[in-house]
Amino acid sequence: MNALARVFEAAGLSTVVISMMPVFGERLGAPRTLGVEFPFGHPLGLPGDFALQTRVLEAALGLLARAAPPGPVVEHFAEPWPGDFDVWKKAWHPREPSPVIRWMREQATLRRP
Amino acid sequence: MRVDSYRWLPPSLKTYFADMTLSPYDGVPWTPLARPLGEMTVALVTTAGINVRDVEPPFDYARERREPLWGDPSFRTLPRDVRQGQIQAGHLHVNNDDLERDVNVAFPVHRMLELEAAGGIGRLAAWNYSFMGYQPDTAEWSRRYGPDVAGRMTADGVEAVVLTPV
């Protein structure tokens with residue numbers, strides 16, 4: 001996503017990324033990043049929580065309007081995740097491990113003596 | 001608060017991401033906002049890996065299953081009037097249940113239309129885009145698909161983009 005932000009920005013578009021991993025906005029040179037401490041798959045918040053989704057979007061648009069160069073500019077959304085941490089640290093994962101995770105596990109098994 | 005980028009990861013993945021070696025980038029591109037947001041056309045671009053059912057095909061998840069170190073670098077188009085029931089999700093790295101219930105958790109199209117109606121933005125673009133975020137190599141995004149989408153957005157009068165990775 002940070003790579004796309006850089007391509008769009010270089011093409012004359014103003015961009016803001018709403019990111020669960022804002023440290024990568026910094027490390028990969030995205031112009032503007034709003035960090036949200038939300039579980040993966042949920043940059044705007046919970047399903048059906050329209051008020052929270054709107055607040056995140058307004059924070060991102062506010063950053064877009066306010067940010068001054070040089071980038072990377074990173075801001076942090078002030079609200080914590082409204083769900084239970086122990087539930088959601090598991091709930092965001094896919095039902096079955098992704099192909100690359102499966103592959104990494106197989107490699108680790110093969111390396112075992 | 002300061003967001004902890006690794007909070008939701010299991011310890012092994014936390015270490016993997018924190019220790020990841022990244023190529024240094026060459027400057028940070030910067031396009032100043034052309035005009036107040038209330039007068040601008042804004043587009044949404046997500047990496048949720050979604051498509052409009054029966055209009056465009058899903059991302060090539062079958063190939064990713066066969067080649068775990070490859071991720072489909074292409075994109076899909078999402079019209080501003082897309083309905084929840086048209087959304088097809090299949091990203092292999094997150095749970096898609098909430099996206100299938102309320103696409104706005106990652107592609108806030110309906111919230112943007114509300115902001116448009118309230119005057120917070122000038123207009124939501126006619127066309128918005130989805131990529132699929134699992135990209136071990138972003139070269140195709142940078143060389144081919146990113147510039148393609150940038151050109152389409154510019155031709156549509158888009159001046160600002162909100163990007164939402166999953």
Side-chain angles (χ1 to χ4, degrees), chain A residues 1 3-24 27-31 35-37 39-48 50 53-54 57-58 60-61 64-65 69-72 76-78 80 88-89 91-95 98-100 102-103, chain B residues 1-8 17 22 25 27-34 36-37 45 47-48 64-65 68-69 92-96 98-99 101-102 104-106 108 111-112 114-115 120-121 131 133-134 136 138 141-142 146-147 149-151 153-154 158-166:
Chain A
M1 186 101 275
L4 288 175
R6 290 175 56 87
V7 170
F8 295 164
E9 194 89 18
L13 299 153
S14 306
T15 66
V16 60
V17 181
I18 302 174
S19 176
M20 282 75 70
M21 301 189 89
V23 69
F24 282 92
R27 291 178 65 188
L28 293 166
V36 287
E37 201 169 275
F40 296 100
H42 297 74
L44 278 295
L46 285 164
F50 300 165
Q53 295 169 2
T54 300
L57 206 44
E58 285 176 338
L61 292 170
L64 196 52
H76 300 265
F77 186 64
W88 280 93
K89 76 177 179 191
W92 71 262
H93 289 274
R95 285 215 187 80
S98 66
V100 70
R102 198 181 295 232
W103 179 82
Chain B
M1 73 184 268
R2 192 177 167 78
V3 169
D4 175 0
S5 294
Y6 306 109
R7 182 168 189 224
W8 302 95
F17 278 111
L22 304 170
Y25 57 80
V28 179
W30 193 276
T31 298
L33 216 59
L37 278 165
V45 176
T47 54
E64 189 190 327
R65 288 182 195 278
L69 300 180
L92 298 175
H93 299 254
V94 287
N95 184 309
N96 292 303
D98 284 346
L99 197 56
R101 200 173 298 151
D102 178 4
N104 296 280
V105 298
R111 301 294 83 77
M112 284 291 268
E114 291 162 6
L115 284 176
I121 59 166
F131 288 82
Y134 173 68
T138 55
W141 274 9
S142 296
V149 167
M153 292 193 289
T154 303
V158 172
E159 291 176 307
V161 188
V162 176
L163 298 100
T164 51
V166 296

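- Atom CH2 in W88(A) sits 8.0 Å away from atom CG in N95(B) (nearest 0.5 Å).
- Here D102(B) pairs with nothing under the salt bridge (Lys or Arg N to Asp or Glu O under 4.0 Å) rule; sequence neighbours left out.
- Between chain B and the residues G35(A), P31(A), A78(A), the most heavy-atom pairs under 4.5 angstrom are made by P31(A).
- A distance of 10.0 Å separates NZ in K89(A) from CZ in R7(B), rounded to the nearest 0.5 Å.
- Comparing R2(B), E114(B), R101(B), E64(B) by how many heavy-atom pairs each has under 4.5 Å with chain A, the most go to R2(B).
- Nearest heavy-atom pair across M20(A) and V3(B) is O-CG1, 4.3 Å.
- For W103(A), the part lying under 4.5 angstrom from a heavy atom of chain B is the side chain only.
- The candidate from G41(A), P69(A), A10(A), A30(A) with the greatest count of non-hydrogen atom pairs under 4.5 Å with chain B is P69(A).
- Residue M112(B) touches chain A through both its backbone and its side chain, counting heavy-atom pairs closer than 4.5 Å.
- Using a 4.5 Å heavy-atom threshold, the side chains of E58(A) and L115(B) count as touching.
- Looking at V100(A) and L69(B), their side chains come closer than 4.5 Å, going by heavy atoms from C-beta outward.
- Heavy-atom distances place both the backbone and the side chain of R65(B) under 4.5 Å from chain A.
- In this structure, Y25(B) and P72(A) have side chains that are in contact, with non-hydrogen atoms separated by less than 4.5 Å.
- At a 4.5 Å heavy-atom cutoff, A48(B) makes no contact with chain A through either its backbone or its side chain.
- The part of E159(B) that comes within reach of chain A is its backbone (N, CA, C, O), which places non-hydrogen atoms under 4.5 angstrom from that chain.
- Taking chain A as the reference chain and counting heavy-atom pairs below 4.5 Å, the highest number among V166(B), V105(B), V162(B), V149(B) is found for V105(B).
- Of all the listed residues (G48(A), G71(A), A91(A), A60(A)), the one sharing the greatest number of non-hydrogen pairs under 4.5 Å with chain B is G71(A).
- A pairwise comparison of heavy atoms in D98(B) and H42(A) identifies OD2-NE2, 2.6 Å as the closest pair.
- With a 4.5 Å cut-off on side-chain heavy atoms, P165(B) and V17(A) count as touching.
- When the candidates G146(B), G151(B), A34(B) are compared by the number of heavy-atom contacts under 4.5 Å with chain A, G146(B) comes out ahead.
- Proximity of a side-chain donor or acceptor of W141(B) to a complementary backbone N or O of A3(A) within less than 3.5 Å is not detected.
- Contact count against chain B (heavy-atom pairs under 4.5 Å) is highest for L28(A) among L46(A), V36(A), T54(A), L28(A).
- Rounding to the nearest 0.5 angstrom, the gap separating the NE2 atom in H93(B) from the CH2 atom in W92(A) is 10.0 Å.
- For the atom pair Y6(B) OH and M21(A) CE, the distance stands at 5.5 Å (nearest 0.5 Å).
- Of all non-hydrogen atoms in R6(A) and V28(B), the two that sit nearest each other are NH1-CA, 4.0 Å.
- Residue contact with chain A, scored on non-hydrogen atoms closer than 4.5 Å, is absent for P36(B).
- In this view, N96(B) satisfies the side chain to side chain donor-acceptor pair (under 3.5 Å) rule with no residue, not counting sequence neighbours.
- Of the residues considered (T138(B), L99(B), I121(B), T47(B)), T47(B) shows the highest number of contacts with chain A, using heavy-atom pairs under 4.5 Å.
- Comparing D4(B), L92(B), V94(B) by how many heavy-atom pairs each has under 4.5 Å with chain A, the most go to V94(B).
- Heavy-atom distances place the side chain of Y134(B), and not its backbone, under 4.5 Å from chain A.
- Most heavy-atom pairs under 4.5 Å with chain B, from the set G45(A), A65(A), P22(A): that is P22(A).
- In this structure, the separation between CG on L33(B) and CG on L64(A) is 5.0 Å, given to the nearest 0.5 Å.
- Counting heavy-atom pairs under 4.5 Å between each of A11(A), G12(A), P80(A) and chain B puts G12(A) at the top.
- Going from atom OG1 of T31(B) over to atom CZ of F8(A) covers 12.0 Å, rounded to the nearest 0.5 Å.
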